[in-house]
Protein chains: 2
Amino acid sequence: MSEIITEMVKEKINEFIDRSKDLGLKVTPQRIAIYKELASTDQHPSTETIYKKIKDYYPNISLTTVYRTLETFEKLGLISVVNVLYNAARYDANLDPHNHIVCTVCKKVEDVYDASLTTLDISDKTLGEYQIKGYSILLNGVCKDCRSN
Amino acid sequence: MSEIITEMVKEKINEFIDRSKDLGLKVTPQRIAIYKELASTDQHPSTETIYKKIKDYYPNISLTTVYRTLETFEKLGLISVVNVLYNAARYDANLDPHNHIVCTVCKKVEDVYDASLTTLDISDKTLGEYQIKGYSILLNGVCKDCRSN
DNA sequence: TCTTTAATGATAATGATTACTATTTCCAAA
DNA sequence: TTTGGAAATAGTAATCATTATCATTAAAGA
């Protein structure tokens, strides 16, 4: 189950350490482990998944720490969240072609009608081995209300 | 708090009833209420939000019913989920410009590198009153593994 | 080494969702 | 119309993801 730490990952970890120092973040073994696990995979893991991997060689790390740390990293731009709207399912009865814009602060979602964004053609190469059903574009920014507060 | 039910919404509800019958779904007052609430808003509400609205005039509706019903509607294509990956936060240490493809069955997420999708330019009109930070495209389909099972 | 401040671990609390089951209701067929 | 049975609902318990709290520990600069 142990992974090969490639040169590329080592390099990313070093960059991470440098950036942490610049940002005034303390460099702890937990943080290094968490970053390392995330930098070593392209699986876009959940918090739980990262926690379980680290547990193998760092058995007394706390799940809370992993949650807290990933959130910290994300806020500082050291990593990113794949799914900004992970909190609760959000539904839409509007089946017309359209996209969405989400406010990263209040999580409000608004419709975006822009024909140039609903008619992209996706190359077969891009799809790989997937049988495509569609795509959705999620713009993100800060809404007027959240900027004025 | 009561909403004006526009002609358009009435029409959508009628279509919904017809499609339900076609699909062999029983048409219950709960289902009509749930569909109506969703068709009456562009706020992309959560299950809880829909539940609370209906409670005002249908006090003994069950939250469970709202959860179950939205899921049913979604599976049959009567409505859609804005955020397919609503289950748990998923992280990425890869900050290079790229997009993602998600398998709608197993929720696996893979990277998509396609320059034509990372260099879209979004018109100011599209952004409305948002201060844009970026966008992400989520392709969706069924992966090879899930197709063969 | 010392100090102080941020980070961690353990646990409890909360929030979202799903599982379970007895009861009810839709609706097709008599 | 009534009725039988499958499907849907309500209510509750259980589970899963996440956040809050707080006492203890450890990083890193003086």
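Every chain is numbered from 1, with letters handed out A, B, ... down the list of sequences. This is a predicted model, so every value here is computed, not measured.
Taken to the nearest 0.5 Å, the CD1 atom of A/I54 stands 5.0 Å off from the CD1 atom of A/I34.
Following rounding to the nearest Å, A/L63 (CG) and C/dG9 (P) show an atom-to-atom distance of 11 Å. When rounded to the nearest whole Å, the span between NZ of B/K21 and P of C/dC26 equals 13 Å. With rounding to whole Å, B/I32 atom CD1 is found 15 Å from C/dT25 atom P. One atom, NZ of A/K55, and another, C1' of C/dA10, lie 12 Å apart when rounded to the nearest Å. Atom-to-atom, OH of B/Y67 to P of C/dT18 comes out at 8 Å; the value is rounded to the nearest Å. Summarising the geometry, the separation between CG on A/N60 and P on C/dT8 is reported as 12 Å, rounded to the nearest angstrom. Remark: C1' of C/dT17 and CD of B/E48 are 11 Å apart, rounded to the nearest angstrom. We find that CG of B/L85 is positioned 15 Å from C1' of D/dA17, with the value rounded to whole Å.
Using modelled atom types and a 3.5 Å distance limit, the side chains of B/D111 and A/H44 yield a donor-acceptor pair.
In this structure, the side chain of A/T41 does not engage the main chain of A/L38 through any donor-acceptor pair within 3.5 Å.
Between B/F16 and B/Y35, the ring planes lie parallel to each other; the angle is under 30°, not in the 30° to 60° tilted range.
Checked by distance alone, A/K26 brings no side-chain donor or acceptor within 3.5 Å of a matching partner on the base of D/dA26.
Nearer to the 5' terminus of DNA chain D, by closest-nucleotide assignment, is the contact made by B/G24 (compared with the other of B/N87 and B/G24). Comparing B/R31 and A/E71 against DNA chain D, the residue whose closest nucleotide sits nearer the 5' end is B/R31. Along DNA chain C, the nucleotide nearest to A/A88 and the one nearest to A/T65 differ in position, and the one closer to the 5' end is contacted by A/T65.
OP1 or OP2 of D/dT9 sits under 4.0 Å from a side-chain N or O of B/T28. The shortest distance between the side-chain N/O atoms of B/R68 and the OP1/OP2 oxygens of D/dA8 is not below 4.0 Å. B/T69 has no side-chain polar atom (N or O) that falls below the 4.0 Å cut-off from OP1 or OP2 of D/dA8. Regarding contacts with the backbone of D/dA20, every side-chain N or O of A/T64 stays at 4.0 angstrom or more from both OP1 and OP2. Taking 4.0 angstrom as the limit, A/Q30 places none of its side-chain polar atoms (N or O) nearer than this to OP1 or OP2 of D/dA27.
Across all their heavy atoms, A/L117 and A/N99 have their closest contact at O-ND2, 3.2 Å.
Within the nucleic acid shown, A/S46 has no heavy atom closer than 4.0 Å to any nucleic acid atom. Residue contacts shown for B/P29 are limited to sugar-phosphate atoms, with no base heavy atom under 4.0 Å away.
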